Trainee: 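Following this message is one structure expressed as structure tokens.
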Amino acid sequence: MAPYIGTSTSRVDGHAKVTGGAKYAGEFNVPGLAYGSVVTSTIAKGRIVRIDASEALRVHGVIDVLTHENRPRMADTDHAYKDFVAPEQGSPFRPLYDGKILFSGQPIALVLAEEWEIARFAASLVRVEYKAEAHATDLQAERAKAFAIEKPEKPRGYAAKAYAAADVRHEAEYSIPIEHHNPMEPFASTVIWDGGGKLTVYDKTQGVQNVQGYVCSVFGMKPDDVRVMSPFVGGGFGSGLRPQYQVALAVLAARALQRSVRLVLTRQQMYGLGYRPATIERLSLGAKADGTLDAITHEAIAVTSQYEEFARNDTAWSGLLYQCANATYAHKLARLDLPTPSDMRAPGATTGVYALECAMDELAVALKLDPLELRLRCYSDRDQNENIPYTSKKLRECYRQGAHAFGWDKRNPEPRSMRDGSELVGWGMATGVWEALQMNTAARIVLTANGHAEVACATSDIGTGTYTIMAQVAADMLGLPLDNVTIKLGDSTLPQSPVEGGSWMAASVSNAIAVTSDEVRKELLRLAKKMPGSPLANAKLEEVTLADGKIVSKRDASRAVSIADVMRHGAVDRIEREKSTDFQDDPSYARNTHSAIFTEVKVDEQLDVIRVTRVVNAVAAGRILNTKTASSQIMGSAVWGIGMALHEETLVDHHLGRFMNANIAEYHVPVNADVHDIKVIFVDEADDIINPLGIKGVGEIGLVGVAAAIANAIYHATGKRVRDLPITLDKLQRP
Ligand code: MOS
């Protein structure tokens with residue numbers, strides 16, 4: 001297409017990030033900043049009988065202690081607290097609203113002081129008396145009380161009957177524990193008191209306009225009085241989709257003190273936000289002896305809170321992906337006295353497809369069929385749930401290229417048959433699938449006569465590379481060198497953007513830049529035609545392109561005028577245009593990304609220590625805008641998949657109703673020693689239906705299926721099937 005799209009362009013914000021020039025929400029300084037420290041509940045359910053802040057208030061440097069008893073006014077309707085990403089059902093959490101305790105770790109007081117250390121010390125002196133009630137935090141204990149939600153069931157045929165009649169059957173239960181996002185950057189807000197009640201809020205968020213709307217409705221503020229900024233985000237993974245309580249508390253404090261306030265959560269307090277809900281997944285698969293899949297039943301029970309119904313699609317991937325005449329799903333929620341779960345990278349699919357892909361592996365064993373061969377026999381070119389074609393689906397090519405790169409054909413199917421010294425070697429594979437969504441998004445371009453463009457959109461860059469791909473797309477569309485493009489984002493006053501999530505941002509903002517560039521080109525052509533003796537006098541808009549600082553005929557490159565000359569003749573020093581996409585998604589097509597993951601594990605025969613020595617992830621996700629940042633997304637996902645398979649688990653003390661390992665020392669994530677060879681392949685997938693640029697997005701697809709591929713490799717290595725994640729060595733040693 002042009003010089004930048006599709007290349008491995010390094011991050012345009014890389015220098016700012018590695019030199020400390022990039023500022024995060026908790027790093028913006030103004031004179032007179034007050035510092036907050038949160039006091040959190042130590043019981044999981046009940047109410048506050050008494051809060052005694054007198055000792056805290058006596059500490060020199062403490063300004064105030066806010067509680068539900070003395071806070072300024074906040075909205076009193078559920079509607080006011082519903083951000084764009086809030087679950088439809090339920091009452092969003094209201095920080096410091098009243099004395100009711102909904103979960104352990106709930107914010108119940110905010111100490112404000114001249115220094116952060118003073119605030120933190122004084123917070124330890126706030127005395128709280130509770131009236132506790134019996135709580136429930138154990139999903140297994142509450143599963144019988146789980147209630148069904150309506151979506152996403154779309155059954156076909158008679159799965160129970162087909163299962164009973166199948167030649168080969170597999171039925172099992174898989175489980176995934178609560179996991180936390182643990183982004184590097186803690187949740188933080190710096191609220192600048194601009195005077196006259198106006199606020200500038202630097203917030204850690206994946207959606208500045210979502211936070212702006214929330215702050216306005218919770219505090220009854222006018223849109224012009226609240227500006228939310230988030231120029232850099234140190235990781236989100238879904239934890240920053242909804243406004244978190246620290247932004248509400250920081251705004252509350254700034255309004256109470258009429259002063260600028262900073263509030264940074266501790267790592268431990270971040271376990272009082274959202275998390276990936278624990279799920280129990282039950283799969284029944286029935287097949288004919290030749291590997292034809294005939295029955296799928298997928299039931300999931302997931303955690304939600306007492307006050308909101310958080311639910312994602314765990315189950316419907318099963319019938320979507322594979323050819324199978326009979327499929328049925330059920331999704332249930334169990335209420336626990338915990339915070340509401342939240343989206344976490346490929347929510348629903350990460351857990352549901354884990355179960356599906358382990359079950360497929362077990363079915364392949366029962367059929368005495370290679371697991372890849374089973375997938376190929378059930379391969380479908382159509383979305384099986386809706387019975388419609390895909391805009392594009394190159395999963396077959398993912399299987400082929402992934403298997404080739406891995407060397408899958410050298411696999412001995414027998415468990416425990418391959419070894420390397422004292423280690424058993426296992427090879428496993430799985431399929432990944434995710435949605436290719438796009439959301440209407442606006443962009444503004446200001447082109448100046450010196451050949452520079454500023455491109456603006458309110459989107460975030462949560463570390464995925466949005467700044468960079470926006471610059472690449474704009475440079476190509478406007479025919480400018482990359483260095484002549486400046487990107488502005490993460491500011492609620494910029495053109496409209498959805499939250500950065502769902503893997504939709506690359507497609508959404510790129511197409512927004514494309515349609516806005518068309519407007520700029522239109523204006524340039526209009527001006528070019530007016531030039532005396534213009535070589536483009538008779539050119540139509542679709543016949544000209546912008547390249548090398550010129551507006552040029554696609555048919556005859558000698559017909560060209562420099563953009564600088566056009567603007568000089570037109571007596572304009574800037575061209576400014578803003579436009580939104582108008583995606584018209586044709587409902588007769590399905591939109592998905594796919595992947596094939598192949599993994600190698602080595603398991604010490606005596607100690608059962610597991611190493612994931614190789615991961616190959618072959619991904620089909622439409623046009624890849626930047627092979628470097630996109631590979632990093634998939635590679636990061638592979639690391640997370642290793643964590644999901646082997647390490648990650650938020651442990652709950654059910655007696656206290658409290659997370660026990662709320663820190664990164666005891667919540668294990670992979671470290672360098674756990675990560676070996678990871679290879680990312682992008683399969684060519686041209687797609688001229690999905691959107692004009694053929695983009696699908698890669699933020700989440702890389703994680704789906706990885707844990708299953710590792711679990712399947714561990715079975716192949718050891719002959720032992722562990723279905724409850726994480727697969728720790730004690731579980732391998734269970735009798
Ligand atoms: Mo993603 S879980 O939609 O940030």
Side-chain angles (χ1 to χ4, degrees), residues 74-95 97 100 102-103 139 142 145-155 178 181 205-207 209-218 236 238-245 247-248 273-279 298-317 320 329-352 385-386 434-435 437-440 496-504 508 583 585 587 591 700:
M74 295 168 79
D76 59 4
T77 64
D78 285 341
H79 180 74
Y81 293 84
K82 286 225 175 185
D83 69 282
F84 297 158
V85 190
E88 277 171 44
Q89 302 298 324
S91 307
F93 176 63
R94 304 177 187 181
Y97 189 79
K100 201 171 169 194
L102 298 165
F103 55 88
L139 174 60
E142 297 301 307
K145 290 187 213 152
F147 60 96
I149 55 161
E150 276 172 39
K151 57 179 185 182
E153 295 75 13
K154 188 168 184 184
I178 289 175
H181 309 75
T205 177
Q206 294 176 233
Q209 290 176 332
N210 192 22
V211 171
Q212 195 250 7
Y214 174 84
V215 167
C216 286
S217 63
V218 168
S239 65
L241 289 171
R242 298 184 71 182
Q244 297 297 359
Y245 71 70
V247 72
L273 310 175
Y275 51 88
R276 193 192 290 290
T279 50
H298 189 162
E299 298 170 340
I301 306 174
V303 169
T304 194
S305 66
Q306 298 288 359
Y307 52 96
E308 284 177 305
E309 293 179 18
F310 177 90
R312 290 294 178 263
N313 167 24
D314 276 71
T315 55
W317 308 101
L320 162 91
Y329 319 114
H331 196 122
K332 289 182 175 178
L333 294 178
R335 290 197 188 278
L336 299 181
D337 295 297
L338 293 174
T340 302
S342 79
D343 288 307
M344 181 160 146
R345 210 171 204 166
T350 297
T351 43
N385 283 336
E386 305 293 334
W434 184 242
E435 298 169 300
L437 297 172
Q438 48 199 7
M439 306 282 266
N440 282 331
Q496 188 274 325
S497 169
V499 295
E500 176 160 61
S503 300
W504 58 57
S508 305
F583 292 118
D585 287 351
R591 293 165 187 74
E700 292 165 292

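Computed from a prediction, not measured in an experiment: that's the story for all the values here. Computation of the quantities below employed the complete heavy-atom set of this structure, encompassing side-chain atoms and omitting hydrogens, waters and symmetry-equivalent molecules. The first residue of the sequence shown is numbered 1, and numbering continues consecutively from there.
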Trainee: Give the minimum heavy-atom separation between T340 and E308, together with the two atoms involved.
Mentor: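 Where T340 meets E308 most closely, the heavy atoms are OG1-OE1, 2.8 Å.
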Trainee: Please report the interatomic distance OH(Y214) to CZ(F84), rounded to the nearest 0.5 Å.
Mentor: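 The OH atom of Y214 sits 13.5 Å away from the CZ atom of F84.
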Trainee: Strictly below 4.0 Å, N to O, side chains only: are K82 and E88 in salt-bridge contact?
Mentor: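 Answer for the salt bridge query: no.
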Trainee: Any idea which heavy atoms bring W504 and P498 closest together, and the distance?
Mentor: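 Closest approach of W504 to P498, heavy atoms only: NE1-CG, 3.7 Å.
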Trainee: At their closest point, which heavy atom of F310 faces which heavy atom of L333, and how far apart are they?
Mentor: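 Where F310 meets L333 most closely, the heavy atoms are O-CD2, 3.3 Å.
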Trainee: Look at the side chain of R335 and the backbone N and O of S305, then say whether any donor-acceptor pair between them is shorter than 3.5 Å.
Mentor: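 At least one qualifying donor-acceptor pair exists.
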Trainee: Backbone N or O of P87 within a donor-acceptor pair of the E309 side chain at under 3.5 Å?
Mentor: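 Flag not set: sc E309 to bb P87 has no pair under 3.5 Å.
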Trainee: Check for a donor-acceptor pair, side chain of Y81 on one end and backbone N or O of F93 on the other, with a separation under 3.5 Å.
Mentor: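 Absent.
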Trainee: Specify the closest pair of heavy atoms between V211 and T205, including all atoms of both residues, with the distance to one decimal.
Mentor: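 The answer is CG2-OG1, 3.4 Å.
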Trainee: So, the side chain of R312 versus the backbone of A349: is there a donor-acceptor pair under 3.5 Å, distance only?
Mentor: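 It does not hold such a pair.
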Trainee: Using modelled atom types only, decide if a donor and an acceptor are shared between the side chain of T279 and the backbone of A302 within a distance under 3.5 Å.
Mentor: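 Not at all, since once roles are kept as given, no pair shorter than 3.5 Å links the two residues.
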Trainee: To the nearest 0.5 Å, tell me how far H331 NE2 sits from F147 CZ.
Mentor: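 If we round to the nearest 0.5 Å, H331:NE2 and F147:CZ are 9.5 Å apart.
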Trainee: What closest approach, in Å, do Y329 and L320 show between heavy atoms, and which atom pair accounts for it?
Mentor: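 Looks like OH-N, 3.9 Å.
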Trainee: Looking only at heavy atoms, what is the nearest atom pair of A330 and T315, with distance?
Mentor: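 For A330 and T315, the tightest heavy-atom pair comes out as O-CG2, 3.6 Å.
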Trainee: Keeping S508 on the side-chain end and M439 on the backbone end, is there a donor-acceptor pair under 3.5 Å?
Mentor: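 Yes; at least one donor-acceptor contact below 3.5 Å.
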Trainee: Answer yes or no: is there a donor N or O on one side and an acceptor on the other, between the side chain of D78 and the main chain of A80, under 3.5 Å?
Mentor: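 No; zero donor-acceptor contacts below 3.5 Å.
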Trainee: For R345, does its backbone N or O pair with a side-chain atom of E700 as donor and acceptor, under 3.5 Å?
Mentor: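 No, the answer is negative, given that no donor and acceptor are paired below the 3.5 Å cut-off.
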Trainee: Measure the CZ-CG distance between F103 and L273 for me, rounded to the nearest 0.5 Å.
Mentor: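 It comes to 8.0 Å.
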Trainee: Working to the nearest 0.5 angstrom, can you tell me the gap between Q306 CD and L102 CG?
Mentor: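 Rounded to the nearest 0.5 Å, the CD-CG separation comes to 8.5 Å.
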Trainee: Between the side chain of N210 and the main-chain N/O of R242, is any donor-acceptor distance below 3.5 Å?
Mentor: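 Such a contact is absent between N210 side chain and R242 backbone.
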Trainee: Rounded to the nearest 0.5 Å, what separation is found between the CD atom of Q438 and the CG atom of D585?
Mentor: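 Answer rounded to 0.5 Å: 4.5 Å.
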Trainee: Please check if the side chain of H181 supplies one atom and the backbone of D343 the other of a donor-acceptor pair under 3.5 Å.
Mentor: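 Judged by distance alone, yes, a pair lies under 3.5 Å.
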